[in-house]
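Single-structure report; data block below.
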Protein chains: 2
Amino acid sequence: MKIGELAKRSGLSTHTIRYYERIGLLPVADRDAGGRRDYDPSILIWTEFLGRLKTTGMSIQDMLRYARLREQGTHTGLERRAILETHREMVRRKLNALQVSLLVLDTKIDSYVDTEKRTHHDDNTPDRQFPDAAGTR
Amino acid sequence: MKIGELAKRSGLSTHTIRYYERIGLLPVADRDAGGRRDYDPSILIWTEFLGRLKTTGMSIQDMLRYARLREQGTHTGLERRAILETHREMVRRKLNALQVSLLVLDTKIDSYVDTEKRTHHDDNTPDRQFPDAAGTR
DNA sequence: TCTTGACTTAGAGTACACTCTAACCTGTAT
DNA sequence: ATACAGGTTAGAGTGTACTCTAAGTCAAGA
């Protein structure tokens, strides 16, 4: 698999793939006769997992820590597991915060909807003062 | 309320508060006799809401759009509501993605735990080869 | 043979959101 | 009176994660 195809399949740009290789997030790829990167399809499992870590907000620094351990082999499993467990805790907190904020957002939107209902007779007198039903002014 | 107290109460740094004012996310504050910012406590409602938007991943650009409409008064309610509804959709997607990734993370951690169980007799032969039960190599 | 498209490198540039610095000012406590 | 905590400004600097540029190489098809 050439870098272009990996880009398509992984959702990363070729620029990003080379960047990730440079910093150590992706292994240094094998090359074909012409010096071009030639990937084994199994790399997709790794890029997909990296995507998960990214989606869940792990920094490149931490991904790097994980990636380095992974390259060192199975005996680093305990440490990798610890990283993931710590990270999972972070994700859970983030998820919680997001859920709470989503509810607040719902309430806020509802209050705009209410304001709509109370003012839709007044389309021609938009300057009339109402308390901001949305509660943020 | 001086800027330092607002900082404590809002969780923003004084640097950030001044920065937000400069770009228009916070209103230009009233000043006391000595030219220092003096805030009405009601500003906290706005900073708290800004925090929600930030927590949920809204860009400063979009917060700015919202903030500008808010300063223009109640008649911008429809547009503000639209912004929030679009944003809510984004948050829902993000929440979903996070939940899926959390499950993947759980599975991955479990597989490390399993590997632990299968290898904890082997503490002195850590180089023995196992297929990577975590499935990413 | 020539063009086209995909690839290579080192290194520069960008977007975002702060975060800090320097030099100065003000009000309060000792 | 003087020290000190906390405030002011314009503008420079930082960290993160890309993203792009320039100049060149390579393989395949018309």
Side-chain angles (χ1 to χ4, degrees), chain A residues 1-41 43 46-68 87 90 94 97 101, chain B residues 1-41 43 46-68 87 90 94 97 101:
Chain A
M1 201 187 345
K2 303 285 171 48
I3 197 174
E5 205 192 333
L6 176 57
K8 260 173 224 153
R9 286 177 190 260
S10 68
L12 301 168
S13 73
T14 58
H15 287 308
T16 302
I17 291 168
R18 291 195 199 96
Y19 165 68
Y20 277 5
E21 179 180 311
R22 205 159 62 213
I23 66 174
L25 262 194
L26 289 176
V28 174
D30 292 340
R31 307 304 169 111
D32 69 9
R36 280 171 243 111
R37 289 168 182 80
D38 198 359
Y39 291 95
D40 186 289
I43 194 73
W46 177 233
T47 53
E48 204 256 331
F49 187 64
L50 278 182
R52 294 286 171 203
L53 296 182
K54 190 184 160 188
T55 294
T56 51
M58 187 183 278
S59 70
I60 280 191
Q61 278 292 314
D62 286 352
M63 290 190 218
L64 258 179
R65 279 210 306 140
Y66 187 91
R68 281 196 210 100
H87 182 59
M90 245 198 48
K94 187 184 289 220
S101 289
Chain B
M1 201 189 341
K2 302 284 170 51
I3 197 174
E5 205 193 333
L6 176 57
K8 258 174 225 153
R9 286 179 190 259
S10 67
L12 301 167
S13 73
T14 58
H15 287 307
T16 302
I17 291 168
R18 291 195 199 97
Y19 165 68
Y20 278 5
E21 179 180 314
R22 204 159 63 213
I23 65 174
L25 262 193
L26 288 177
V28 174
D30 293 339
R31 308 304 170 109
D32 68 9
R36 280 171 243 111
R37 289 170 183 78
D38 199 357
Y39 290 96
D40 186 289
I43 194 73
W46 176 233
T47 54
E48 205 257 331
F49 186 64
L50 278 182
R52 294 285 171 203
L53 296 182
K54 190 183 160 189
T55 293
T56 51
M58 187 183 277
S59 68
I60 280 190
Q61 277 292 314
D62 287 351
M63 289 190 218
L64 259 179
R65 278 212 305 141
Y66 187 91
R68 282 197 209 99
H87 182 60
M90 244 198 49
K94 188 184 286 220
S101 289

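These numbers come from a predicted model, not from an experiment. Order of the sequence lines sets the chain letters (A, B, ...), proteins ahead of strands, with each chain counted from 1.
Taking every side-chain heavy atom of R31(B) into account, dT8(D) is the closest of dA17(D), dT8(C), dT8(D). Distance from the side chain of R36(A) is smallest to dC26(D) among dT21(D), dC26(D), dC20(C). Residue K54(B) has its side chain nearest to dC18(C) when only dC18(C), dG7(D), dT19(D) are considered. Comparing dA17(C), dT19(C), dC18(D) against the side chain of T16(A) picks out dC18(D) as the nearest. Picking from dT8(D), dT19(D), dG11(D) the nucleotide with the shortest atom distance to the side chain of R22(B) gives dG11(D). Picking from dC18(C), dT19(D), dC7(C) the nucleotide with the shortest atom distance to the side chain of I60(B) gives dC18(C). Each of dT8(D), dT8(C), dA17(D) was ranked by its minimum atom distance to the side chain of Y19(A); first place goes to dA17(D).
Taking atom CE of M58(B) as the reference point, atom C1' of dA17(C) lies 16 Å away to the nearest angstrom. Computed from coordinates, the D38(B) CG to dT8(D) C1' distance equals 14 Å when rounded to whole Å. What separates NZ of K8(A) from P of dA6(C) is a distance of 7 Å, to the nearest Å. We find that CG of D62(A) is positioned 14 Å from C1' of dA17(D), with the value rounded to whole Å. Here the P atom of nucleotide dA17(D) and the CG atom of L53(A) are 12 Å apart, to the nearest Å. Here the C1' atom of nucleotide dA27(D) and the NZ atom of K2(A) are 9 Å apart, to the nearest Å. Y39(A) has its OH atom 14 Å from the C1' atom of dA6(C), to the nearest Å. Between the CD1 atom of I23(B) and the C1' atom of dC16(C) there is a distance of 11 Å, rounded to whole Å.
More than 12 heavy atoms of other shown residues, nucleotides or ligands fall within 6.0 angstrom of atom CG in D32(B).
Put simply, Y20(A) has no side-chain N or O that comes within less than 4.0 Å of OP1 or OP2 on dA17(D). The side chain of R18(A) contributes no N or O atom lying less than 4.0 Å from OP1 or OP2 of dA6(C). Using a 4.0 Å cut-off, some side-chain N or O of R37(A) falls inside it from OP1 or OP2 of dT8(C).
Looking at R31(A) and E21(A), a side-chain N of the basic residue comes within less than 4.0 Å of a carboxylate O on the acidic one, giving a salt bridge.
Under the 30°/60° scheme for interplanar angles, the aromatic rings of Y66(B) and W46(B) are found to lie parallel.
Put simply, the side chain of I43(B) reaches to within 4.5 Å of the side chain of P27(B), judged on heavy atoms.
Distance check, rounded to the nearest 0.5 Å: CG of D38(A) to NZ of K2(A) gives 6.0 Å.
Where E5(B) and S59(A) each meet DNA chain D at their nearest nucleotide, the meeting point lying more 5' is that of E5(B).
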